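Everything below concerns the one structure shown next.
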Amino acid sequence: MGSIGKEELLKMEKMQMAIAHEEKILVLVRLRPLSDKEIVENEVADWECINDTTILYRNTLREGSTFPSAYTFDRVFRGDNATREVYEEGVKEAALSVVSGINSSIFAYGQTSSGKTYTMMGITEYTVADIFDYIHRHEERAFVLKFSAVEIYNEAIRDLLSTDSTPLRLLDDPEKGTVVEKATEETLKDWDHLKELLSVCEAQRRIGETSLNEKSSRSHQILRLTIESSACEFLGKENSTTLSATVVRIISTYYHP
Ligand SMILES: Nc1ncnc2c1ncn2[C@@H]1O[C@H](COP(=O)(O)OP(=O)(O)OP(=O)(O)O)[C@@H](O)[C@H]1O
């Protein structure tokens with residue numbers, strides 16, 4: 001167990017109260033640009049981003065349907081918006097709340113080939129880079145980062161950091177909530193170590209081809225990053241408290257035509 005001082009506790013409580021009054025769930029939409037194949041086949045995008053929060057379903061307009069054609073979300077990103085913009089403007093705040101001990105989940109949902117893997121790979125990279133940057137700027141605290149990765153395929157859970165493909169069990173822990181039993185948890189040394197682990201996951205990931213995506217994920221992938229931190233001056237003392245939080249990345253793959 002690490003520790004936090006009285007003042008720091010007060011600051012954290014204030015922060016938690018401020019966050020409690022803010023929105024807890026943000027829904028962002030990212031449109032994908034047409035692929036080369038779609039351009040060659042003269043396909044047109046059915047969706048158009050008309051401002052920072054609204055998308056329009058163009059087919060509805062063409063067919064003169066009476067159904068609503070405009071949909072509003074917390075934030076909408078166009079096909080030419082870079083992943084960096086999606087991260088900075090839509091994800092960063094939630095992702096970095098973990099350094100203050102607040103749990104955060106970021107997940108992508110969409111049909112095959114909509115860009116979930118593409119988006120989440122960038123988001124993971126930017127999030128971890130910012131967390132490492134935060135750690136380097138806060139030498140008064142000691143941080144431990146732990147990383148685990150599993151895949152859910154056909155209702156079986158597989159450890160992506162292990163070559164053993166025996167399915168893992170889900171357990172209910174009274175303190176931690178739902179946990180995956182015996183999932184490998186690596187303590188991250190540095191950025192290169194994370195990149196190494198991500199390529200192990202990539203190599204283990206089940207992929208297949210769909211009519212829309214040559215390299216389609218066949219599973220839900222969950223990457224979990226747990227951060228523990230304690231004030232260095234209280235390190236190892238009895239009355240110390242550890243700040244602990246988790247960022248979870250889920251890639252959902254639904255509807256494979
Ligand atoms: N914003 C984007 N800009 C450019 N290319 C993109 C973008 N989003 C996705 N792509 C490309 O589109 C293709 C499909 O994307 P991706 O594999 O991420 O989809 P997916 O939603 O994860 O699909 P699946 O559910 O089948 O795994 C990939 O070749 C990817 O590089």
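Here the structure is a predicted model, which means the values were calculated and not measured. Counting starts at 1 for both ligands and their atoms, in listed order. Numbers here simply count residues along the sequence, with the first being 1.
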Residue-level breakdown please: for Ser35 versus ligand 1, do any non-hydrogen atoms fall below 4.0 Å on the side chain, on the backbone, on both, or on neither?
neither
Can you say whether the rings of Phe143 and Tyr134 are parallel (under 30°), tilted (30 to 60°) or perpendicular (over 60°)?
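Correct class here is perpendicular.
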What is the ring orientation for Tyr126 with Tyr87, classed by angle as parallel under 30°, tilted 30 to 60°, or perpendicular over 60°?
tilted
Does ligand 1 have any atom sitting under 4.0 Å from a heavy atom of Gly110?
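For ligand 1, residue contact (heavy atoms, under 4.0 Å) with Gly110 is absent.
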Is there a heavy atom of Met121 sitting under 4.0 angstrom from any atom of ligand 1?
no
Are Ile55 and Leu34 connected into the same hydrophobic cluster when the rule is that any two of I, L, V, M, F, W, Y join if their side-chain heavy atoms are below 4.5 Å apart?
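Different hydrophobic clusters.
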Are Glu38 and Arg32 ion-paired here, with the side-chain N under 4.0 Å from a carboxylate O?
yes
So, is Tyr118 polar-close to ligand 1, with some N/O to N/O distance under 3.5 Å?
yes
Backbone or side-chain N or O of Gly115 under 3.5 Å from ligand 1 N or O
yes
If you draw a 6.0 Å radius around CG in Asp36, do more than 12 non-hydrogen atoms from other residues or ligands fall strictly inside?
no
Separation between CG of Asp133 and NE2 of His138, rounded to the nearest 0.5 Å
9.5 Å
Nearest-option assignment for atom 23 (O) of ligand 1, heavy atoms, candidates Ser113, Pro33, Ala82:
Ser113
Just jot down the ligand 1 atoms closer than 4.0 angstrom to any heavy atom of Gln111, in number order.
21 (O)
